[in-house]
Structure formats: structure tokens, C-alpha cells
Amino acid sequence: MLTAPDPQRLAGLVRQLLVELGEDPDREGLLKTPERVAKALTFLTQGYRQTPQEVLNGAVFESTANNMVIVRDIEVYSLCEHHMLPFYGRCHVGYIADGKVVGLSKIARIVDCFARRLQIQERLTEEIAHAIQEITHAEGVGVVMNCAHLCMMMRGVEKQNAMTVTSSVLGSFRKDPGVRAEFMSLVR
């Protein structure tokens with residue numbers, strides 16, 4: 001786990017970037033921009049300084065439940081590691097409990113823990129699934145993510161309506177087509 005970046009050093013780097021881009025960091029509209037960007041980047045990358053166990057804060061509970069638990073439409077915001085531009089969308093997480101359940105809000109916190117790092121959507125989906133599996137020892141886990149990527153929308157191919165869909169299925173969600181189909185139908 002990393003320590004928080006030095007805000008003054010980070011602001012200095014942003015100031016230098018503004019100069020390289022041909023801007024005047026001393027003009028009125030940009031005077032506090034380096035500090036604001038440093039603060040924003042520190043927040044947007046706070047996942048480097050968190051672990052799933054920390055964000056869980058002990059909210060794993062014994063349960064006799066052996067059914068599918070799904071949290072749908074979790075808002076996700078991340079930064080593409082290739083261009084450092086945002087991607088955003090919805091994440092759907094499901095698991096089949098096997099003696100343990102997680103506080104529902106903690107599932108969203110686990111999503112944020114991994115999303116608030118420089119990411120690619122494919123890895124983000126996998127990391128969330130594996131963390132839920134490790135924490136709950138679930139019979140199966142499924143994660144589906146639908147995101148729009150500003151690196152595809154604002155630059156390059158400039159396709160504003162393209163959505164990227166990724167999924168990661170573990171355990172019974174991978175082995176049993178019926179379980180996987182039930183999950184996929186419930187998150188549509």
C-alpha cells in the first residue's frame with residue numbers, strides 16, 4: 001500500500017504541466033488549479049492506499065443463507081491507465097453465500113477501492129470478483145461492468161456511444177451455466 005502523495009510536490013508538477021501546455025499558471029483562472037488538481041488526483045487514486053479488508057471494516061457476517069445476493073447498478077468512476085482519462089458506468093456484483101455474507105454497502109466500497117486506481121476495465125472487473133471471493137468464500141461470484149471511456153469518446157476514434165462490457169465469473173458462476181444465466185438475467 002502506498003502513502004498519500006505530497007500535495008505540494010504534486011501541485012508543482014501540475015504547475016509545470018500547465019507551462020508545458022503553453023498556459024500561464026499565474027493567470028487568474030489558473031492560480032489555484034495546481035492545488036485543486038493535486039487534491040482531485042489524490043482522491044481519484046485513493047484506492048492505492050486502501051485494501052478491501054480495510055474498507056470492509058469487519059462487516060462480514062455468519063449466515064445460513066445459500067442464495068444469490070446481487071447489488072446492481074453500483075456507480076463506478078475510474079481513470080484509464082493508458083491516457084489518465086475517466087471511464088465511468090455501472091457495476092453489478094453477485095455472489096452465492098456459503099456461510100458468510102458481506103454488508104451490502106461494503107460491496108460498493110470494494111468496487112471503489114479498486115476503481116480509484118489507474119485501471120483498465122478488464123482488470124478492474126477481475127479484481128472485484130476475486131476480492132469478493134476471497135472475503136466471502138462464496139460458492140460463486142459474478143461481476144459485470146458497463147462503462148463509457150472518455151479516451152474513446154474525446155480523442156482517438158471519437159465514438160461517443162460505445163460502451164464496454166466486461167464480466168468475471170468464478171466458482172459456480174463459471175461452472176454452472178444455469179447459475180451464470182440466472183445472474184446475467186438479473187443484472188440486465
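In this text the structure is predicted, and so the values were computed from the model without any measurement.
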- Verify side-chain contact (heavy atoms from CB on, under 4.5 Å) between K39 and K32, making sure each step is shown before the conclusion. CA-CA 11 Å; K39 187 175 180 180; K32 295 188 181 192; over 6 Å; no
Heavy-atom count around [X] [atom1] within 6.0 Å, excluding the residue itself: above 12?
{"X": "E81", "atom1": "CD", "answer": "yes"}
{"X": "E28", "atom1": "CD", "answer": "no"}
{"X": "E54", "atom1": "CD", "answer": "yes"}
{"X": "R49", "atom1": "CZ", "answer": "yes"}
{"X": "D26", "atom1": "CG", "answer": "yes"}
{"X": "M84", "atom1": "CE", "answer": "no"}

Spacing of [X] atom [atom1] and [Y] atom [atom2] [to the nearest 0.5 Å]:
{"X": "I110", "Y": "L56", "atom1": "CD1", "atom2": "CG", "answer": "4.5 Å"}
{"X": "L118", "Y": "C80", "atom1": "CG", "atom2": "SG", "answer": "8.5 Å"}
{"X": "L170", "Y": "K175", "atom1": "CG", "atom2": "NZ", "answer": "10.0 Å"}
{"X": "F173", "Y": "I96", "atom1": "CZ", "atom2": "CD1", "answer": "4.5 Å"}
{"X": "D112", "Y": "I107", "atom1": "CG", "atom2": "CD1", "answer": "12.5 Å"}
{"X": "I132", "Y": "K106", "atom1": "CD1", "atom2": "NZ", "answer": "12.0 Å"}

- Can you find a heavy atom in the side chain of Y77 that is under 4.5 Å from one in the side chain of L44? no
- Does any non-hydrogen side-chain atom of L18 lie less than 4.5 Å from one of P34? yes
- Task: Could you give me the CA-CA distance, side-chain angles and deciding distance for E127 and Q119, then say whether side-chain contact (heavy atoms from CB on, under 4.5 Å) is met?
- Result: CA-CA 10 Å; E127 288 176 334; Q119 278 289 11; 2.7 Å; yes
- Message: Over 60° means perpendicular and under 30° means parallel, so tell me whether H149 and F87 are parallel, tilted or perpendicular.
- Response: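 Parallel.
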- Polar side chain donor-acceptor pair, Q121 to T166, under 3.5 angstrom: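 On atom types as modelled, these side chains qualify, holding a pair under 3.5 Å.
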- Under 3.5 Å, is there a donor-acceptor pair linking the side chains of R188 and S185? no
